[in-house]
Trainee: 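Structure below; questions to follow.
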Amino acid sequence: MTQGKSQESRSGWGLRAIQWALASAFLLSSYHAQADWSALNMTKGVTEISEKVYDLHMLIFTICVLIGIVVFGIMIVSMLMHRKSVGAVPAKFSHNTKLEYIWTVIPILILLGMAVPATSTLRDMYDASEADIDIEVRGYQWKWQYTYLNDDPAQEIKFMSALATSQDEIYNKANKREHYLLDVDNPLVIPVDKRVRFLVTSNDVIHSWWVPDFAVKKDAIPGFVHESWAVVKEPGVYRGKCTELCGKDHGFMPIVVHAVEQDEYDAWVAMKQEEALQVYETVGKTWTMAELMDTGEKVYQQNCMSCHQANGEGIPPAFPSLVGQGLSIGPIGEHIDIVINGKAGTAMQAFASQLNPAEIAAVVTYERNAWGNNVGDMAQPREVNALITGEE
Amino acid sequence: MSAVIENHHDDHDHGPDKGLMRWVLTTNHKDIGSLYLWFSFAMFLVGGCMALVIRAELFQPGLQLVAPEFFNQMTTMHGLIMVFGAVMPAFVGLANWLVPMMIGAPDMALPRMNNYSFWILPFAFGMLISTLFMEGGAPNFGWTFYAPLSTEYAPPSVTYFIFAVHLMGISSIMGSINVIVTILNMRAPGMRLMDMPLFVWTWLITAYLLIAVMPVLAGVVTMMLMDIHFGTAFFSAAGGGDPVLFQHVFWFFGHPEVYIMILPAFGIVSAIIPTFARKKLFGYDSMVYATASIAFLSFIVWAHHMFTVGMPIAGELYFMYATMLIAVPTGVKVFNWIATMWKGSMTFETPMLFAIAFVILFTIGGFSGLMLSIVPADFQYHDTYFVVAHFHYVLVPGSIFSIMAAAYYWLPKWTGNMYDETLGKTHFWLSFIGVNVTFFPQHFIGLAGMPRRYPDYALQFADWNMVSSVGAYIFGFSQLLFLFIVIKTIRGGKKASDEVWDGAEGLEWTIPSPAPYHTFSTPPALPARAH
């Protein structure tokens with residue numbers, strides 16, 4: 001942790017390497033205060049299932065340690081006693097059928113002893129009873145989308161959840177806060193003591209949705225919906241991560257779940273539905289350039305920057321530059337279209353499912369007028385909405 | 001002994017040609033063996049440098065040295081180069097050197113094809129490594145290259161990667177055919193299959209595994225190629241395909257591949273431990289049967305790499321039980337090695353140190369493998385550093401330690417000179433400490449929840465990552481000592497006797513040291529059978 005040792009992002013690679021080496025040498029000599037050698041074992045978690053999994057893990061681990069002590073113990077005794085330097089004379093035996101049987105049968109019995117609890121825990125995990133709440137978890141490069149399924153689509157809560165750690169923290173220009181890389185802008189909120197079903201899928205590549213405290217890890221696979229579930233026993237904040245390599249920001253799409261009491265959950269649901277209503281109203285009004293640019297910058301930072309970069313120059317050829325070329329200074333209709341519908345065969349996603357019309361209008365306007373593009377025109381949420389609903 | 005001092009009638013056949021063309025055109029199994037081994041070592045250093053880039057970035061939380069895109073290229077290329085470029089060619093090199101000498105054959109059965117199998121490799125890896133300099137960078141989707149990250153979302157260089165994999169596959173298949181044909185047809189008269197040294201047995205079985213699964217790998221990359229360039233949709237859900245199908249086909253190759261990288265190691269250790277215990281290998285027959293059982297089981301457990309893809313419970317249970325079964329024959333092997341050591345008269349030269357470390361550390365990797373087979377627990381372990389620790393324990397102090405043990409063990413036979421024992425032991429202890437400091441803490445950070453293939457991590461994982469990086473640098477740089485020792489031994493040193501080790505058994509120890517360019521031009525007379 002090189003807090004406070006700001007590093008020039010523009011300085012050459014060699015210089016940075018030297019700085020880094022010096023900082024590291026400094027660290028090794030005077031050990032930092034946040035020592036955390038306790039990151040040693042699996043969490044016990046907060047669901048009945050996660051506790052069973054933990055117990056199973058400890059059982060197998062203990063068996064392995066015991067076998068290890070016996071086997072390595074015999075090896076060590078042999079290495080001490082049967083060495084030429086202490087005058088050992090080699091014995092002549094080279095097989096013993098009875099012994100071979102014994103060390104085939106005993107491991108089989110031990111394995112049976114492991115298979116029984118493993119099977120029963122797995123059956124518990126695969127219990128497919130009805131859930132109280134169904135949440136669709138959809139992976140995107142590189143964030144999650146949560147949809148609280150509801151028979152009435154108007155009542156559906158749907159939002160994106162992305163990393164909230166700043167780029168400055170990641171690039172060692174600011175102190176790393178406690179939940180470095182483990183914070184999101186919009187956490188998932190669920191009630192305790194309710195059976196919550198997670199329907200996991202993906203919009204692009206394979207991701208994997210893992211919350212260790214629930215012992216839930218399911219691959220998010222495009223074209224498939226797989227389910228998993230949890231009944232959380234204690235209120236709290238539970239943090240997880242994406243565990244299937246999904247591209248460059250695989251390490252930067254954490255999961256945060258707030259488990260809250262039922263009344264708190266109800267209040268949150270009411271608030272979310274209110275928010276949705278407000279968004280609906282904002283689409284109707286006419287926005288000023290300043291409003292669009294202001295909102296656009298925030299939307300850009302959350303959704304576009306990881307590929308197209310803060311300065312808009314991208315990482316060609318995979319992530320093209322938006323500065324002074326292409327659609328950003330071309331016809332605005334095509335610009336809006338690519339943001340709404342994405343571009344097949346590339347990482348450019350269809351943002352219509354992730355952003356509301358106001359956000360799309362704002363980010364398009366921002367891209368056309370930031371970094372010296374200065375096209376001067378703007379998109380109105382109303383127009384974007386017409387394009388989205390008109391095409392469906 | 002008379003077998004090798006046979007007088008030749010062909011005058012041009014006495015020794016190697018001079019100069020570079022000797023190596024380009026050679027059909028001699030010893031030359032080709034050396035080429036494979038040097039190539040493998042070069043790839044080991046290249047792949048190792050990539051590992052050191054990874055560990056340097058992970059020394060501290062935050063992004064310091066490389067961007068995440070490049071980090072992913074490093075993890076991908078490190079895996080591919082180590083698996084296909086370092087471990088596999090090293091074993092083929094050892095097979096080339098040793099199989100003919102162990103079975104009393106004059107050379108491999110198909111010498112010209114042997115030359116082709118090797119010379120494909122530099123082109124394959126040249127192509128693979130060149131992708132690092134291409135626009136869009138090298139493959140960045142992990143060595144397991146799961147679709148659709150490796151198809152729709154891949155950098156343009158993926159096409160070169162596919163072609164490189166095809167070439168490696170062709171090379172492996174030709175090499176395997178050669179090994180099988182040599183072993184089945186060219187054993188010295190009177191040598192039955194159950195008389196063969198275990199290294200020959202394990203390689204015979206490995207070669208069958210290779211022939212069975214390399215075409216599957218070729219198939220899966222061809223399907224990728226079609227998806228990318230010809231509009232098919234094998235792995236694209238949008239086109240009616242199935243991304244999970246990719247994983248099934250890949251791991252149908254991938255799991256036997258894991259055993260391809262460990263069975264020859266079993267053979268090596270089964271040669272070294274009896275020599276330095278001065279006692280016959282315990283349970284030869286059961287060793288052969290255990291190897292065959294492991295090879296068979298390797299075909300029916302593939303989906304244990306995919307417990308989280310959402311298989312139905314019947315599938316999960318089947319693959320769990322089948323996987324747990326592998327512990328039985330593997331246990332038999334470990335027990336047999338220990339029974340071989342028991343009541344022996346051991347000395348601890350460098351090859352023996354590496355072999356004993358192999359048994360202990362490979363067993364630790366086996367324990368974590370057993371833990372990973374337990375489906376409910378695997379949901380917590382899967383794709384974390386616990387898995388990274390597991391497979392590095394079976395591959396580094398497993399496969400790679402066995403290769404080093406083999407190099408020290410047979411180097412005196414190959415060069416005629418003894419290696420420097422003090423330096424050899426120094427190399428062993430540095431490697432042993434380095435490997436454990438690198439990989440043991442990865443069990444901890446994995447269990448505590450750090451996923452693999454992360455360029456940056458939460459603060460709670462900082463301490464053990466730092467330890468792991470320090471270990472990686474110790475291990476990495478101590479391999480330069482290995483290079484130095486090998487070169488020093490080739491250039492000179494105490495002369496080795498023909499038998500080299502006082503407990504060594506087998507035909508390769510009956511020929512002079514260094515082994516003449518041509519050996520067993522007439523088949524040797526076998527010593528009286530012991531069993």
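Letters A, B, ... mirror the listed sequences (proteins, then strands); counts begin at 1.
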Trainee: Name the region of A:I315, side chain, backbone, both or neither, that has any atom closer than 4.5 Å to a heavy atom of chain B.
Mentor: side chain
Trainee: With a 4.5 Å heavy-atom cut-off, do B:W464 and A:L40 have their side chains touching?
Mentor: yes
Trainee: Would you give the length of the straight line joining atom CZ of B:F246 to atom CD1 of A:I206, rounded to the nearest 0.5 angstrom?
Mentor: 9.0 Å
Trainee: As an exercise, state the distance from CD of B:E316 to CG of A:L122, rounded to the nearest 0.5 Å.
Mentor: 6.0 Å
Trainee: Considering only heavy atoms and a distance below 4.5 Å, find which of B:Y146, B:F70, B:Y381, B:F307 pairs most often with chain A.
Mentor: B:Y381
Trainee: Test of understanding: with side chain to side chain contact (heavy atoms under 4.5 Å, CB included), list the residues that count as partners of A:D204, not counting sequence neighbours.
Mentor: A:Y140, A:Q141, A:S202, A:H207, A:Q349, B:Y153
Trainee: Any non-hydrogen side-chain atom of B:F379 less than 4.5 Å from a side-chain atom of A:S50?
Mentor: no
Trainee: Roughly how far, to the nearest 0.5 Å, is the CD1 atom of B:I360 from the CD1 atom of A:I76?
Mentor: 6.0 Å
Trainee: What are the two closest heavy atoms between B:G310 and A:H226, and how far apart are they?
Mentor: O-CE1, 3.5 Å
Trainee: Side chains of A:W210 and B:D383: closer than 4.5 Å at any heavy-atom pair?
Mentor: no
Trainee: Does B:N72 reach the main-chain N or O of A:G247 with its side chain, forming a donor-acceptor pair under 3.5 Å?
Mentor: yes
Trainee: More than 12 foreign heavy atoms under 6.0 Å from CD of A:E51: is that the case here?
Mentor: yes
Trainee: Non-hydrogen atoms of chain A under 4.5 Å away: do they reach the side chain of B:S150, the backbone, both or neither?
Mentor: neither
Trainee: Taking every heavy-atom pair that is under 4.5 Å apart, which of A:C242, A:S208, A:G68, A:A220 has the most such pairs with chain B?
Mentor: A:C242
Trainee: Relative to chain A, which segment of B:M311 carries a heavy atom at a distance below 4.5 Å: side chain, backbone, both, or neither?
Mentor: backbone
Trainee: Between A:V216, A:T119, A:I74, A:L182, which has the largest tally of heavy atom pairs under 4.5 Å with chain B?
Mentor: A:T119
Trainee: Counting only heavy atoms closer than 4.5 Å, note whether B:A327 contacts chain A via side chain, backbone, both or neither.
Mentor: side chain
Trainee: Just give me the residue among B:L281, B:L325, B:I374, B:I364 that pairs up with chain A most often, heavy atom to heavy atom, under 4.5 Å.
Mentor: B:I374
Trainee: Is A:Y180 close to chain B through its backbone or its side chain, or both, or neither, when contacts mean heavy atoms under 4.5 Å?
Mentor: both
Trainee: Under 3.5 Å, side chain of A:K241 to main-chain N/O of B:G449, donor-acceptor pair present?
Mentor: yes
Trainee: Side chain from CB out, backbone as N, CA, C, O: work out which of these in B:P441 comes under 4.5 Å of a heavy atom of chain A, or both, or neither.
Mentor: neither
Trainee: For A:D183, check salt bridge (charged side-chain N to carboxylate O under 4.0 Å, His left out) against everything at least two apart and list the hits.
Mentor: A:R239
Trainee: Do the non-hydrogen side-chain atoms of B:N140 and A:K248 ever get within less than 4.5 Å of each other?
Mentor: no
Trainee: Give the member of A:L245, A:N96, A:T121 that has the highest number of heavy-atom pairs under 4.5 Å with chain B.
Mentor: A:L245
Trainee: Counting only non-hydrogen atoms closer than 4.5 Å, does A:I221 touch chain B with its backbone (N, CA, C, O), its side chain (CB onward), both, or neither?
Mentor: side chain
Trainee: Looking at A:S228, A:G223, A:P222, which has the largest count of heavy-atom pairs under 4.5 Å with chain B?
Mentor: A:P222
Trainee: Where does A:F252 contact chain B at under 4.5 Å (heavy atoms): side chain, backbone, both or neither?
Mentor: side chain
Trainee: Donor-acceptor check, side chain of A:H82 to backbone of B:K343, threshold 3.5 angstrom: yes or no?
Mentor: yes
Trainee: Roughly how far, to the nearest 0.5 Å, is the NE2 atom of A:H95 from the CG atom of B:D285?
Mentor: 8.0 Å
Trainee: Can you say whether B:M306 sits under 4.5 Å from chain A via the side chain, the backbone, both, or neither, judging by heavy atoms?
Mentor: neither
Trainee: State, with a plain yes or no, whether a side-chain heavy atom of A:M79 is found less than 4.5 Å away from one of B:F348.
Mentor: yes
Trainee: Got a donor-acceptor contact below 3.5 angstrom from the B:K280 side chain to the A:S94 backbone?
Mentor: no
Trainee: Tell me, side chain or backbone of A:V71 under 4.5 Å from chain B's heavy atoms, or both, or neither?
Mentor: both
Trainee: If I measure from the heavy atoms of chain B, does A:C246 come under 4.5 Å with its side chain, its backbone, both, or neither?
Mentor: backbone
Trainee: For B:S345 and A:A88, indicate whether the former's side chain and the latter's backbone hold a donor-acceptor pair under 3.5 Å.
Mentor: yes
Trainee: Where does B:A277 contact chain A at under 4.5 Å (heavy atoms): side chain, backbone, both or neither?
Mentor: backbone
Trainee: Of the non-hydrogen atoms in A:P107 and B:V328, which two are nearest, and what is the gap between them?
Mentor: CB-CG2, 4.5 Å
Trainee: Once rounded to the nearest 0.5 Å, what's the spacing between atom NZ of A:K217 and atom CG of B:D378?
Mentor: 7.0 Å
Trainee: So how far is it from A:D219 CG to B:T308 OG1, rounded to the nearest 0.5 Å?
Mentor: 3.0 Å
Trainee: Where does B:Y321 contact chain A at under 4.5 Å (heavy atoms): side chain, backbone, both or neither?
Mentor: side chain
Trainee: Heavy-atom count check: over 12 atoms from other residues, nucleotides or ligands less than 6.0 Å from A:F61 CZ?
Mentor: no
Trainee: Side chain, backbone, both or neither: which part of B:I228 has a heavy atom under 4.5 Å from chain A?
Mentor: neither
Trainee: Checking heavy atoms, do the side chain of B:Q247, its backbone, both or neither come under 4.5 Å from chain A?
Mentor: side chain
Trainee: Does this structure show an ion pair linking B:D502 with A:K84, if we count only N-O contacts that are shorter than 4.0 Å?
Mentor: yes
Trainee: At a heavy-atom separation under 4.5 Å, does A:I63 approach chain B through its side chain, its backbone, both, or neither?
Mentor: neither
Trainee: Which pair of non-hydrogen atoms, one from A:N172 and one from B:G62, has the smallest distance, and what is that distance?
Mentor: OD1-CA, 3.7 Å
Trainee: Verify whether the ring centers belonging to B:Y454 and A:H250 lie closer than 6.0 Å.
Mentor: yes
Trainee: Distance-only, no hydrogens or angles: does the B:Q380 side chain make a donor-acceptor pair with backbone N or O of A:M42 under 3.5 Å?
Mentor: no
Trainee: Please tell me if the side chains of B:P376 and A:K52 come closer than 4.5 Å, counting only heavy atoms from C-beta onward.
Mentor: no
Trainee: With chain A, which of B:G142, B:A377, B:G344, B:A237 has the greatest number of heavy-atom pairs at distances under 4.5 Å?
Mentor: B:G344
Trainee: Answer yes or no: are there more than 12 heavy-atom neighbours, outside A:Y101 itself, under 6.0 Å from its atom OH?
Mentor: no
Trainee: Who among B:A290, B:A339, B:G366, B:G283 has the most heavy-atom pairs with chain A under 4.5 Å?
Mentor: B:G283
Trainee: Quick check for you: among B:V244, B:I313, B:T347, which has the greatest number of heavy-atom pairs under 4.5 Å with chain A?
Mentor: B:I313
Trainee: Less than 6.0 angstrom separating the ring centers of A:W103 and B:F282, yes or no?
Mentor: yes
Trainee: Is any side-chain heavy atom of A:M114 less than 4.5 Å from a side-chain heavy atom of B:S373?
Mentor: no
Trainee: Heavy-atom cut-off 4.5 Å, strictly under: side chain, backbone, both or neither for A:L111 against chain B?
Mentor: both
Trainee: With a 4.5 Å cut-off on side-chain heavy atoms, are B:V375 and A:M125 touching?
Mentor: no
Trainee: Check whether A:M81 gets within reach of chain B through its side chain, its backbone, both or neither, counting any heavy atom under 4.5 Å.
Mentor: neither
Trainee: What part of B:P155 gets within 4.5 angstrom of chain A, counting heavy atoms only: side chain, backbone, both, or neither?
Mentor: neither
Trainee: So which of B:F276, B:Y457, B:F71 has the largest heavy-atom pair count under 4.5 angstrom toward chain A?
Mentor: B:Y457
